[in-house]
Amino acid sequence: MASTDSLPVKTAQQMAMDGDQPPPNYIFNATTSYSKFGPLETSPPFAPVPIIDISCFFSSAKQDDQQTELAKLRSALSTWGCFQAVNHGLSDSYLDNVRQVIKKFFELPLEEKTKYFRETGSVEGYGNDMTYSKNQAQDWCDRLFLRILPEDERKLRFWPQNPSNLRETIDEYTNKIKFISVVIFEAMAKSLDLEENSFSKFFMEERDVLQGRFILYPPCPMPDKVFGLKAHSDRSGITLLLQDPGVEGLQVLNDGKWFMVPVIRDAIFVNLGDQMQIMSNGIFKSPVHRVVTNKEKGRISVAMFTEPNPNKEISPEDVLVDEKRPRVYKTVKNYAVFNHECFQKGIVALDAVKL
Ligand SMILES: O=C(O)CCC(=O)C(=O)O
Ligand SMILES: [Fe+2]
């Protein structure tokens, strides 16, 4: 356990409500390790992130449509490492309801939310990132972080009972996200001419892991100096993100330049994580991304992360290794913990698993 880890003295939401100025460790600092990804830009150009029609990957879809969309998927993941998934089968009103339930949780009085405060030395629960040093740069956001699957490993003490339908909403949303994730993992494999289950068998089996991060970025008095979430890549297989339809904030790095991810109301934003970059032997990219804040508007997002069971070893698919594309990554196991350790040391985990 990190001895310096502490819960926030005051949550970002509380500071925003009290009109506080962000404390010094919230202000962007060009000497920190994450600053290597560039300075804060509040309004970079919009990213032309590809839009993929997920219904083309359902078994009922026409062969021709599927082939066209698979080619788009492969191109999206090898350039941007992300895409906007549309026609995924979840209605606008359903997604609104999910966001609404999360919003209601954050609107509860602080005393109610702190019942679910994370414990020091662990990420699960309501609060902030774990802190490894006194000067660690902080993010202007509050989050509820839950390990949702495997179901029998849930720590229900961190699962709010208020709003009363929060638990069942997360449960139902999880089932829908699982279905969509399998479709995407299978499509990713097909787009690389691999067996359909080549990726899903690592991420979507019975004992594999799904985590949810439900985030509030409160309005921030200094959006040009304070990040909502620092630059990072996800350690997941893939991440499925529900954005707030009312305000942009997510940015993605491409070819050394930052872009703002447009909000498409009924789309689910999907980004690749490090573990799929490893398994695809670097053909697919795990994009560095970050979140900026807004002076007037708060922003809610719902991120679901797929991960292998910690006992599973993952490595580049044999078929994707040849003379032209030698193997790029080592075999890794429990990348989640490794990634955490790298973060503490200020090193990029994906670089550290290169051969
Ligand atoms: O809130 C967002 O838009 C992105 C969240 C994110 O990148 C994360 O939780 O890893
Ligand atoms: Fe992320």
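Just follow the structure's listing: the first ligand is 1, and inside any ligand the first atom is 1. For the numbers below, each heavy atom of this structure counts, side chains included, while hydrogens, waters and symmetry mates do not. Heads up: numbering here begins at 1 and tracks the sequence.
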Got a donor-acceptor contact below 3.5 angstrom from the Arg167 side chain to the Trp159 backbone?
yes
Please output the side-chain donor-acceptor pairs of residues 79-89 that fall under 3.5 Å, not counting sequence neighbours, one pair per line with the distance.
{"unit_1": "Thr79", "atom_1": "OG1", "unit_2": "Ser75", "atom_2": "O", "d": "2.7"}
{"unit_1": "Thr79", "atom_1": "OG1", "unit_2": "Ala76", "atom_2": "O", "d": "3.4"}
{"unit_1": "Gln84", "atom_1": "NE2", "unit_2": "Pro262", "atom_2": "O", "d": "3.0"}
{"unit_1": "Asn87", "atom_1": "ND2", "unit_2": "Asp53", "atom_2": "OD1", "d": "3.2"}
{"unit_1": "Asn87", "atom_1": "ND2", "unit_2": "Asp53", "atom_2": "OD2", "d": "3.3"}
{"unit_1": "His88", "atom_1": "ND1", "unit_2": "Leu90", "atom_2": "N", "d": "3.1"}
{"unit_1": "His88", "atom_1": "NE2", "unit_2": "Asp266", "atom_2": "O", "d": "2.6"}

Pairwise side-chain contact, Gln251 with Phe259, heavy-atom cut-off 4.5 Å (strictly under):
no
Does Lys190 make a cation-pi contact with Phe57 (under 6.0 Å, within 45 degrees of the axis)?
no
If you draw a 6.0 Å radius around NZ in Lys72, do more than 12 non-hydrogen atoms from other residues or ligands fall strictly inside?
yes
With distance as the sole criterion, is a donor-acceptor pair present between the side chains of Asp224 and Thr42 under 3.5 Å?
no
Students should find this: residues with any non-hydrogen atom under 4.0 Å from ligand 1. What is the answer?
Arg213, Ile215, Tyr217, Leu229, His232, Asp234, Leu241, Leu250, His289, Val291, Arg299, Ser301, Phe305
Can you tell me the N, O or S atom of Asp234 that's nearest the Fe ion (ligand 2)?
OD1
